[in-house]
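Down below is the structure, laid out as structure tokens.
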Protein chains: 2
Amino acid sequence: MTDRSALDTLLGYGIHPSVQRIAIMDYLLTHRTHPTVDEVYVALNKEIPTLSKTTVYNTLRLFAEHGAALMLTIDEKKICFDGVVKPHAHFMCRRCGRLKDVELPEGAGTLQLDGADFMVEETHVYYKGLCRSCQEQPQA
Amino acid sequence: MTDRSALDTLLGYGIHPSVQRIAIMDYLLTHRTHPTVDEVYVALNKEIPTLSKTTVYNTLRLFAEHGAALMLTIDEKKICFDGVVKPHAHFMCRRCGRLKDVELPEGAGTLQLDGADFMVEETHVYYKGLCRSCQEQPQA
DNA sequence: ATTTGCATTGTAAACAATACAAATTTATAA
DNA sequence: TTATAAATTTGTATTGTTTACAATGCAAAT
């Protein structure tokens, strides 16, 4: 369980709550698996049989626009979402494809924006490589 | 012009050269615009009318796998490629969508991989926000 | 000259994501 | 409460990117 309820999270980000939005936010907060739109859709279809996939798309995009969730484009095959918005980095294994949270390196946020030509709103740091279990696994 | 020819770059990364691969690498090295597959395809169709888009997909993927190019998944709408493989970060403007190269912050490469659970092969750092000209532009 | 193997091509298919309009729900005001 | 407006959701149709795959081309090796 999370310390803040899904409803409170939505209200905190100025997002008007609805049954679908609460369910989707609750899923994000209780599943730290960086799910895709489809994974959220399939999982929530059990409790909300009328749920439309378009709603999941719209809602997750809405969350990301309000800063209530992160849209991760690390894997070129699929967009993932993260309910943990506290700054952190990610690691993706190129073999099993799993995404894991890792510490943000010191100084990553303090960008040398030569001449302040840019107004930074989001910082993304991630690594690709092989996770422990895939290193030990024999090659495919 | 680049100091290393496209051919030498391919050979340096152990990639068997061909007319198409040389042309695609040359395009990457002489156009620092982070092009998409389609942009490369359209541009090279003039010199190589028989070029297939599938070949561009395969070739750019091959380059990325051999470390001869970077595959950028910053923009969720399109995959971009970068012929500059020297470590650097990127900035993407959320309004005009342009990608720019920026300095890699100090320490971004030295990840605290608690327990060395991961073998890092690539490090990606990018920022999203508003570029100078889009800040000055009136809102849409 | 044949064979071998990789590269390329082009079509077909898969798939993710979006647009859109109808239907539903919720909020607001009379 | 009822009517009206606004917002949200739904489902289908569509778009566009990416991949799969089989056929073809090409060049080096035998």
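Keep in mind that this is a model prediction, so the values were computed, not measured. Side-chain atoms are counted along with the backbone in the values below, which use heavy atoms only and exclude waters and symmetry mates. Lettering follows sequence order; numbering is per chain, from 1.
- Look at B/Ser52 and you won't find any side-chain N or O under 4.0 angstrom from OP1 or OP2 of C/dT8.
- Residue B/Gln20 has a polar side-chain atom (N or O) positioned under 4.0 Å from OP1 or OP2 of C/dT9.
- Among the heavy atoms of the strands lying under 4.0 Å from B/Thr55 is at least one base atom, whether or not backbone atoms are also near.
- Whole-Å rounding puts the A/Glu76 CD to D/dT17 C1' distance at 13 Å.
- Looking only at distances, a side-chain donor or acceptor of A/Glu39 sits under 3.5 Å from a matching main-chain atom of A/Thr36.
- Between A/Arg61 and the phosphate of C/dA17, there is no side-chain N or O to OP1/OP2 separation shorter than 4.0 Å.
- DNA chain D is contacted by both A/Thr54 and B/His16; A/Thr54 maps to the nucleotide lying nearer its 5′ end (nearest heavy atom per residue).
- The interatomic distance linking B/Asp75 (CG) with D/dG16 (C1') rounds to 14 Å, in whole Å.
- Rounded to an integer number of Å, the gap from CG of B/Asn58 to P of D/dA20 is 10 Å.
- Nucleic acid contact for B/Lys77: sugar-phosphate only, since backbone atoms but no base atoms lie under 4.0 Å from a heavy atom of the residue.
- For the pair B/Glu65 CD and D/dT19 P, the interatomic distance rounds to 10 Å; values are reported in whole Å.
- A distance of 10.5 Å separates NZ in A/Lys100 from CZ in A/Arg132, rounded to the nearest 0.5 Å.
- Distances shorter than 4.0 Å separate some side-chain N or O of B/Ser18 from OP1 or OP2 on C/dT8.
- Residue A/Thr36 is classed as having no contact, given no heavy-atom separation below 4.0 Å to the nucleic acid.
- For the pair A/Ile79 CD1 and C/dC15 P, the interatomic distance rounds to 17 Å; values are reported in whole Å.
- Following rounding to the nearest Å, B/Glu39 (CD) and D/dT17 (P) show an atom-to-atom distance of 11 Å.
- You'll find the side chain of B/Asp101 reaches within 4.5 Å of the side chain of B/His90, heavy atoms only.
- Hydrophobic clustering, with ILVMFWY side chains joined whenever heavy atoms are under 4.5 angstrom apart, groups B/Leu11 together with B/Ile24.
- Whole-Å rounding puts the B/Arg21 CZ to C/dT9 P distance at 11 Å.
- Between the OH atom of B/Tyr57 and the C1' atom of C/dT11 there is a distance of 15 Å, given to the nearest Å.
- Taken to the nearest 0.5 Å, the NE2 atom of A/His16 stands 10.0 Å off from the CG atom of A/Leu10.
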